[in-house]
Amino acid sequence: MSAPLAAARTLVTGLVGDQAEHWDRTGSLPRKLLTELGSAGYLCPQVPAAHGGLGWDSARDGEFTAHVGSLCSSLRSIMTSQGMAAWTIARLGSEEQQRALLPRLTGGDLAAVAFSEPDAGSDLSAIGTRLVRDGDTIVVDGHKTWSTAARYADLVVVVGVMDDGGAGAVVVPTDAPGVRVDPVPDPLGCRAAGHADLTLTGVRVPATQLLGGGGQFLPLVVTTALAYGRMSVAWGCVGILRACLTAAGAHAKSRKQFGRPLGDHQLVSRHLAELLIAEQTAARACEHASRCWDAGTPDQVLATVLAKHVSATQAARGAAVAVQVLASAGTRDGHAVARAYRDAKCMEIIEGSTEMCQLLLADHVLANA
């Protein structure tokens with residue numbers, strides 16, 4: 001582990017401490033924590049140093065994301081959203097837009113990405129948000145749902161349909177007139193991740209906020225951000241599994257039933273083996289996908305979808321196993337494995353549901369048959 005990564009892990013471990021349960025129960029992360037991590041570049045580590053970032057590759061960013069995910073999935077979700085916003089700006093934005101916007105994301109400003117709508121979830125081709133040119137401004141009208149980190153965000157990358165039939169992503173300040181942010185009440189998992197619905201009514205922003213001038217192919221706009229999100233979620237699920245493995249192992253070793261430690265009972269030891277298998281399987285899938293990213297190999301997209309699918313499904317099953325091992329001790333609201341159980345289930349839904357991932361993987365098989 002390199003010194004910068006070790007320092008990052010030490011810093012975030014100290015900042016989180018034992019507060020993850022409290023944040024989960026209250027549904028809120030301290031703004032100071034987020035701005036401190038953001039100003040240090042840790043919320044979007046892959047941003048190049050020229051824009052104030054750390055310039056990490058996918059492998060290093062992934063290991064850090066897994067570590068944060070093992071501590072607090074809500075905080076990891078903020079990292080995912082910030083990274084998605086930065087990745088979208090870097091891939092779709094002009095050099096001038098990158099120079100203007102990326103230093104804000106590495107300087108303490110917080111960002112979110114808004115895709116989903118009431119009628120556009122897995123079917124993002126049904127997006128109805130309109131981006132209309134009016135002189136030197138873009139007028140934004142639409143309703144976005146379940147935008148992670150939007151409750152904390154200073155900026156939101158809003159995906160919509162242009163008046164010329166193309167698609168675009170526009171960077172909207174959340175304090176702009178016509179923007180309303182409504183927090184999602186009592187989400188199942190990642191309770192402190194700032195999920196919110198956005199209503200945009202006649203919101204005017206300078207045309208310079210439209211990334212790359214707009215007019216892009218909608219699937220390109222969507223998959224650009226989703227690719228980063230899937231990688232980040234996949235590594236975050238590795239972190240969930242590591243937290244579950246630690247908690248279940250410690251409990252099985254210290255808790256005694258029928259005169260001996262739980263771990264000495266074969267059915268319980270089987271659960272521990274299953275957890276280790278899940279963590280190792282997810283980690284290897286993520287490592288492979290990150291190598292593909294860093295090398296720019298042709299199967300990068302396939303590897304990313306596979307890593308997300310494997311990690312999310314393994315995390316959901318692994319978290320359930322961990323709760324089973326801890327029994328009543330693990331069902332207390334806010335406990336590490338109780339949080340993992342809820343958080344992991346959400347990971348099977350966001351950034352491409354389990355079913356959508358399976359369809360994409362099946363398409364690959366058919367295309368190469």
Side-chain angles (χ1 to χ4, degrees), residues 1-2 5-21 23-24 42 45 56 58-80 189-190 192-193 230-254 262-263 268-290 306-326 329-330 334-348 350:
M1 183 170 60
S2 66
L5 179 55
R9 291 177 59 150
T10 299
L11 173 66
V12 76
T13 299
L15 289 174
V16 173
D18 60 357
Q19 300 180 84
E21 177 179 345
W23 297 336
D24 181 71
Y42 290 136
W56 286 1
S58 178
R60 186 175 302 183
D61 185 13
E63 280 296 341
F64 181 59
T65 300
H67 181 67
V68 176
S70 72
L71 301 172
C72 176
S73 283
S74 289
L75 179 57
R76 194 276 310 152
S77 293
I78 300 297
M79 283 182 61
T80 298
C190 300
R230 285 169 177 159
M231 275 299 304
S232 184
V233 166
W235 275 110
C237 286
V238 173
I240 288 175
L241 284 163
R242 288 174 180 170
C244 288
L245 192 57
T246 297
H251 184 80
K253 189 173 183 178
S254 61
L262 276 180
V268 176
S269 64
R270 184 197 70 187
H271 286 322
L272 300 179
E274 289 173 343
L275 263 174
L276 179 61
I277 292 167
E279 184 271 333
Q280 288 288 297
T281 301
R284 298 296 87 77
C286 287
E287 288 168 359
H288 170 67
S290 281
L306 182 64
K308 195 276 177 181
H309 175 69
V310 169
S311 296
T313 54
Q314 292 289 347
R317 293 169 187 165
V321 167
V323 172
Q324 192 72 18
V325 171
L326 272 78
H335 188 284
V337 298
R339 284 188 282 115
Y341 185 76
R342 292 184 283 99
D343 295 342
K345 186 59 197 175
C346 293
M347 298 308 104
E348 287 194 300
I350 66 170

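Note that these values count all heavy atoms, side chains included, but never hydrogens, waters or copies made by symmetry. Index from 1, following the sequence.
- A side-chain N or O of Thr80 and one of Arg76 form a donor-acceptor pair less than 3.5 Å apart.
- Expressed to the nearest 0.5 Å, how far NE2 of His271 lies from SG of Cys244 amounts to 13.0 Å.
- A donor-acceptor pair under 3.5 Å links the side-chain atoms of Lys308 to the main chain of Met347, judged by distance alone.
- Here the side chains of His67 and Thr13 are in contact, with some heavy-atom distance below 4.5 Å.
- For the residue pair Trp235 / Ser58, no side-chain donor-acceptor distance below 3.5 Å is found, with atom types taken as modelled.
- With respect to Glu279, the side-chain contact (heavy atoms from CB on, under 4.5 Å) criterion is satisfied by exactly one of Thr281, Leu276, Ile277: Leu276.
- Judged purely by atom type and a 3.5 angstrom limit, Asp343 has no side-chain atom pairing as donor or acceptor with the backbone of Gly189.
- The two atoms that bring Ala282 and Leu241 nearest to each other are CB-CD1, 3.8 Å, heavy atoms only.
- Distance CG/Leu262 to OG/Ser269: 10.5 Å, rounded to 0.5 Å.
- To the nearest 0.5 Å, atoms CD (Glu274) and CZ (Arg317) are separated by 10.5 Å.
- Contact record, Ala289 with Met231: CB-SD, 3.5 Å, taken as the closest heavy-atom pair.
- Between the side chain of Arg242 and the backbone N or O of Ser70, no donor-acceptor pair lies under 3.5 Å.
- More than 12 heavy atoms of other residues, nucleotides or ligands lie within 6.0 Å of CZ in Phe64, so this atom counts as buried by the packing criterion.
- Shown here for Ala340 and Ile240, the closest heavy-atom pair between the two residues is CB-CG2, 3.8 Å.
- The SG atom of Cys72 lies 7.5 Å from the CG atom of Asp24; values are rounded to the nearest 0.5 Å.
- Between Gln314 and Ala278, the closest heavy-atom pair is OE1-CB, 3.3 Å.
- Ala247 and Val337 make their closest contact through CB-CG1, 3.8 Å (heavy atoms, listed as atom of the first residue, atom of the second, distance).
- The distance from atom NZ of Lys253 to atom CG of Leu272, rounded to the nearest 0.5 Å, is 11.5 Å.
- Counting heavy atoms from C-beta on, the side chains of His335 and Leu326 come closer than 4.5 Å.
- With hydrogens and angles ignored, the 3.5 Å screen pairs a side-chain donor or acceptor of Thr313 with a backbone N or O of Val310.
- Here Thr65 contributes atom OG1 and Arg60 contributes atom CZ; the two are 13.0 Å apart, rounded to the nearest 0.5 Å.
- Shown here for Ser311 and Val238, the closest heavy-atom pair between the two residues is OG-CG2, 4.3 Å.
- Between Val12 and Tyr42 the shortest side-chain heavy-atom distance does not fall below 4.5 Å.
- Applying the 6.0 Å contact sphere to CD of Gln19 captures more than 12 heavy atoms from other residues, nucleotides or ligands.
- Between Glu348 and Arg342, no side-chain nitrogen of the basic residue sits less than 4.0 Å from a carboxylate oxygen of the acidic one, so the salt-bridge criterion is not met.
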